[in-house]
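Working notes for the structure below.
Values reported hereafter were calculated over all heavy atoms of this structure, with side chains retained and with hydrogens, waters and symmetry mates removed. All ligand and atom numbering here is 1-based and tracks the order in the structure.
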Amino acid sequence: MWRRSVVRCVKVAENVSTLRMFGVVASTSTVPSPCIVRKRGADILHDPWFNKMLFVNCDDLGVILRDTGFPLTERDRLGLRGLLPPRVISFEQQYERFMDSYRSLEKNTAGQPDNIVALAKWRILNRLHDRNETLYYKVLIDNIKDFAPIIYTPTVGLVCQNYSGLFRRPRGMYFSAKDKGEMMSIIYNWPAREVDMVVLTDGSRILGLGDLGVQGIGIPIGKLDMYVAAAGINPQRVLPIMLDVGTNNEKLLEDRLYLGLRERRLEGEEYISIVDELMEALHARWPKAIIQFEDFQFKWAFETLERYRRKYCMFNDDIQGTAGVALAGLLGVVRAQGRPISDFVHQKIVVAGAGSAGLGVLKMAYQVVSRMTGTTANPQFYLIDKDGLITKQRSGVDPSAAPFAKAVAEVESIGLREGSGLLDVVKNVKPHVLLGLSGVGGIFNEQVLKAMRDSDSPKPAIFAMSNPTDNAECTAADAFKHAGEKIVFGSGSPFQNVDLANGKIGHVNQANNMYLFPGIGLGALLSGAHIISDGMLQAASECLASYMTDEEIQKGKFYPSISSIRSITAEVGAAVLRAAVTEQVAEGKGEVGPKELANMSRDETVEYVTSNMWYPVYSPLVHEK
Ligand SMILES: NC(=O)C1=CN([C@@H]2O[C@H](COP(=O)(O)OP(=O)(O)OC[C@H]3O[C@@H](n4cnc5c(N)ncnc54)[C@H](O)[C@@H]3O)[C@@H](O)[C@H]2O)C=CC1
Ligand SMILES: CC(=O)C(=O)O
Ligand SMILES: [Mg+2]
């Protein structure tokens, strides 16, 4: 029965693995499942989902590679005979040929400015992405440590900034203020019947780069690439969306080449009614899809989260994903100090940045302290924004920041006041943790870092989490140089480990929400949850926090290497799924209902999640009308 309902290869693979788990399919076949296509002939060659040609036209290298991976029998089946040169090479050979060309590019561009090299690397990968998705994802997954900095932060920021110039072909869907009233029909223009994951942005706060309008589409694309690489979401079932409601970026408004609406952003009711309409359209066509809000400016981030989180299966990555990753790091810091986790309640934490990300972190940290103490907590959290330390004396504090505004008497008792600057706060508080989510590069300057030497912690923690690299609050090298070798360090974008010149290495953690959002999305998807609850998010964070061994923690390693992102994502996905079951929001997916999910042990859940991850192989293509 299930075979006849198959639409695409994913579905086959998914059903096989699911049914196998429950004993419906007996044997484990090594033959890739067939992939049903509704196209024939040249149309297949032009479709990156099914194309098996390697075509690398690399201007930066001056070479053109062309190879075809369509076997002869398949050429017969699909009407490809005569449309291709005769030689057939394997997927593995194509992979090697691409990697050779990539390595040549690296060699040929050595010594050129970093931005030029980064964009050249992005272009060669992007061309492969546009032509042959299977090979692209094989290359990405197998080299995620090297390629994440290109398809994700920091290079994705550069790509967004230069998007109008780099634009060759659209990817994802674009909705604009002009589409009001028509989104319900426009959504049906998307060619895939099934969508599992949507990442949506309005481009208003792209990394720490501000309002980039329509150019922000690079972020949902990069995030979804991470979904495929880390969570094994099938690339045919992901959908990046740009909601273009204008831009307030003066440079873009004046730029004749800008591809978005050259008008100011919609505000108030006009804005929210457009987001409402898009959410309704998405839910109508794909009621089970998970929707991730990404890089929305502060004034809409919390509001949209509150508006939709009980109605749709959605989350805000900057608020909730970041919070979970940061919290896992903060708990790691306590372990690194050799203290029990319960000591978290005594940690002094200074957060620079009172926006979506900073407040998300404090909110989650506050919940943990409250749970640990069993009371309404008054933790030692100090919040700083562009106007300095936030106290109850501040007028016009945003409601989401208000719970973290310090009592004036409390800060005066340690020589601080409303609006005290970062340096004074660090000097007087002597925090265990200094955490930056301000988007402002370099604010953890030499003086601030030197002040961290007087921290009350034996292992002061510095997290410069803003992206991309130039917006990090400090570099890794400066942190170890000025704050000393005892520190533990994390950054949002990758830095090299630091050679401390005494045989020791200063370890750099990449404190980035990429360690959680793929698992949150995958766990929610497989659970069939109708919402993403606090319990599911908390489970994700706890899973990440407990992933590292004590030995690793002692070495200052709080997050796994990105090379093992698939295994951590499987664990996180399973933790999220189990929490959804416990909280009775799981409705199951496909043949696996909530009862079956509830009967799985922890290990079986991890196995179930892992077996549902897509991995790129050339499936035999079978034509069906
Ligand atoms: N590593 C990660 O996983 C993540 C990193 N981020 C990064 O965090 C940064 C901020 O993101 P959002 O909170 O969404 O932005 P936001 O715009 O909502 O908030 C920025 C906050 O920083 C404050 N600020 C500005 N200048 C400051 C200064 N000199 N000192 C202290 N605070 C200052 C602002 O007043 C505001 O409260 C971005 O660079 C983003 O890339 C965001 C999400 C995840
Ligand atoms: C990592 C991320 O989501 C950000 O910088 O906005
Ligand atoms: Mg973000």
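Of all the heavy atoms in Ala401 and Leu359, the pair that sits closest is CA-CD2, 3.7 Å. Of all heavy-atom pairs spanning Tyr137 and Pro235, the tightest one is CE1-CB, 3.4 Å. Closest heavy-atom contact between Ile341 and Leu331: CD1-O, 3.7 Å. Here the closest non-hydrogen pair linking Ser176 and Ile274 is O-CD1, 4.3 Å. For the pair Ile532 and Cys313, the tightest heavy-atom approach, listed with the atom from each and the gap, is CG1-SG, 3.7 Å. Counting all heavy atoms, side chain and backbone alike, Ala540 lies closest to Val576 at CB-CG2, 3.7 Å.
Distances below 4.0 Å separate heavy atoms of Glu294 from the following atoms of ligand 2: 3 (O). Less than 4.0 angstrom separates some heavy atom of Lys223 from each of these atoms of ligand 2: 1 (C), 2 (C), 3 (O). Of all the atoms in ligand 2, the ones that sit under 4.0 Å from a non-hydrogen atom of Asp295 are 6 (O). Heavy-atom contacts of Ala511 reach the following atoms of ligand 1: 1 (N), 2 (C), 3 (O) (cutoff under 4.0 Å). Of all atoms in ligand 1, numbered sequentially from 1 with element shown, those under 4.0 Å from a heavy atom of Ile443 are 29 (N), 30 (N). Ligand 2 places these atoms under 4.0 Å from at least one heavy atom of Arg205: 6 (O). Close approach of ligand 1 to Gly208 (heavy-atom distance below 4.0 Å) involves ligand atoms 38 (C), 39 (O), 41 (O). Each of the atoms 1 (C) of ligand 2 lies under 4.0 Å from some heavy atom of Asn512. Interface of Asp318 with ligand 2, defined as ligand atoms under 4.0 Å from a residue heavy atom, comprises 2 (C), 3 (O), 4 (C), 6 (O). Taking every heavy atom of Leu207 and a limit of under 4.0 angstrom, the matching atoms of ligand 2 come to 4 (C), 5 (O), 6 (O).
Atom 20 (C) of ligand 1 has its closest protein heavy atom at Ser438 O, 3.8 Å. At the shortest separation from atom 3 (O) of ligand 1 among protein heavy atoms lies Asn513 N, 2.8 Å. The protein non-hydrogen atom at the shortest distance from atom 17 (O) of ligand 1 is Arg205 CG, 4.2 Å. Of the protein's non-hydrogen atoms, the one nearest atom 5 (O) of ligand 2 is Asn467 ND2, 2.8 Å. Of the protein's non-hydrogen atoms, Val440 CG2, 3.3 Å is the one closest to atom 26 (N) of ligand 1. Looking from atom 32 (N) of ligand 1 to the surrounding protein, the closest heavy atom is Asp385 C, 3.3 Å. The shortest contact between atom 19 (O) of ligand 1 and any protein heavy atom is with Gly355 CA, 3.1 Å. Looking only at heavy atoms of the protein, atom 8 (O) of ligand 1 is closest to Leu437 CD2, 3.4 Å. For atom 37 (O) of ligand 1, the closest non-hydrogen atom on the protein side is Ala354 N, 2.9 Å.
Of all the listed residues (Glu294, Gln510, Lys386, Met514), Lys386 holds the heavy atom that lies closest to atom 35 (O) of ligand 1.
Looking only at its N/O/S atoms, Asp318 has OD1 as the one nearest to the Mg ion (ligand 3). Glu294 contributes atom OE2 as its closest N/O/S atom to the Mg ion (ligand 3).
Considering backbone and side-chain N/O of Phe298, none are found under 3.5 Å from N/O of ligand 1. In terms of polar-atom proximity, defined here as any N/O pair under 3.5 Å, Tyr152 makes no such contact with ligand 2. When only interatomic distances are considered, the shortest N/O to N/O separation between Met465 and ligand 1 falls below 3.5 Å. Here's the thing with Ser356: one of its N/O atoms is less than 3.5 angstrom from an N/O atom of ligand 1. In terms of polar-atom proximity, defined here as any N/O pair under 3.5 Å, Asn467 does make such a contact with ligand 1. Between Gly492 and ligand 1, not a single N/O pair is under 3.5 Å apart. Residue contacts with ligand 1: Ala357 is placed with a nitrogen or oxygen under 3.5 Å of a nitrogen or oxygen of the ligand (distance criterion only). Considering backbone and side-chain N/O of Thr322, none are found under 3.5 Å from N/O of ligand 1.
Salt-bridge formation is detected for the pair Glu250/Arg264: a Lys NZ or Arg NE/NH1/NH2 atom is positioned less than 4.0 Å from an Asp or Glu carboxylate oxygen. Looking at Glu267 and Lys299, a side-chain N of the basic residue comes within less than 4.0 Å of a carboxylate O on the acidic one, giving a salt bridge. Arg417 and Asp424 are not joined by a salt bridge, as no carboxylate oxygen comes within less than 4.0 angstrom of a charged side-chain nitrogen.
A donor-acceptor contact closer than 3.5 angstrom is absent between the side chains of Gln538 and Gln367. At a cut-off of 3.5 Å, with distance as the only test, a side-chain donor of Tyr152 or Asn512 sits close to an acceptor on the other residue. In this model, a donor atom of one side chain and an acceptor atom of the other lie less than 3.5 Å apart for Tyr136 and Asp225. Remark: the Asn249 side chain and the Tyr258 side chain contain no N/O donor-acceptor pair separated by less than 3.5 Å.
Each of Trp300, Phe175, Tyr308 was checked for a side-chain contact (heavy atoms from CB on, under 4.5 Å) with Val275, and the lone residue meeting it is Tyr308. None of Asn513, Thr201, Asp295 except one satisfies the side-chain hydrogen bond (donor to acceptor under 3.5 Å, both in side chains) rule with Lys223; the exception is Asn513.
Note on ligand 1: Leu422 sits outside its first shell, no heavy atom being nearer than 4.0 Å. Remark: distances from the non-hydrogen atoms of Ile384 to ligand 1 include one below 4.0 Å.
Listed for the Glu473 side chain is a donor-acceptor partner under 3.5 Å among the backbone atoms of Ser466. Using modelled atom types, one side-chain atom of Thr322 and one backbone atom of Asp317 make a donor-acceptor pair closer than 3.5 Å. In this structure, the side chain of Asp318 does not engage the main chain of Ala357 through any donor-acceptor pair within 3.5 Å.
In Pro468, neither the side chain nor the backbone holds a heavy atom less than 4.0 Å from any atom of ligand 1. Contact annotation for Thr322 and ligand 2: no heavy atom of the residue comes within less than 4.0 Å of the ligand.
Note that CE of Met226 and CD1 of Ile144 are 4.5 Å apart. Values are rounded to the nearest 0.5 Å.
Taking 2.8 Å as the threshold, Asp295 counts as a candidate ligand of the Mg ion (ligand 3), since one of its N, O or S atoms lies below it.
Cation-pi contact between Lys348 and Tyr382: absent, since separation from the ring centre below 6.0 Å together with deviation from the ring axis within 45° is not met.
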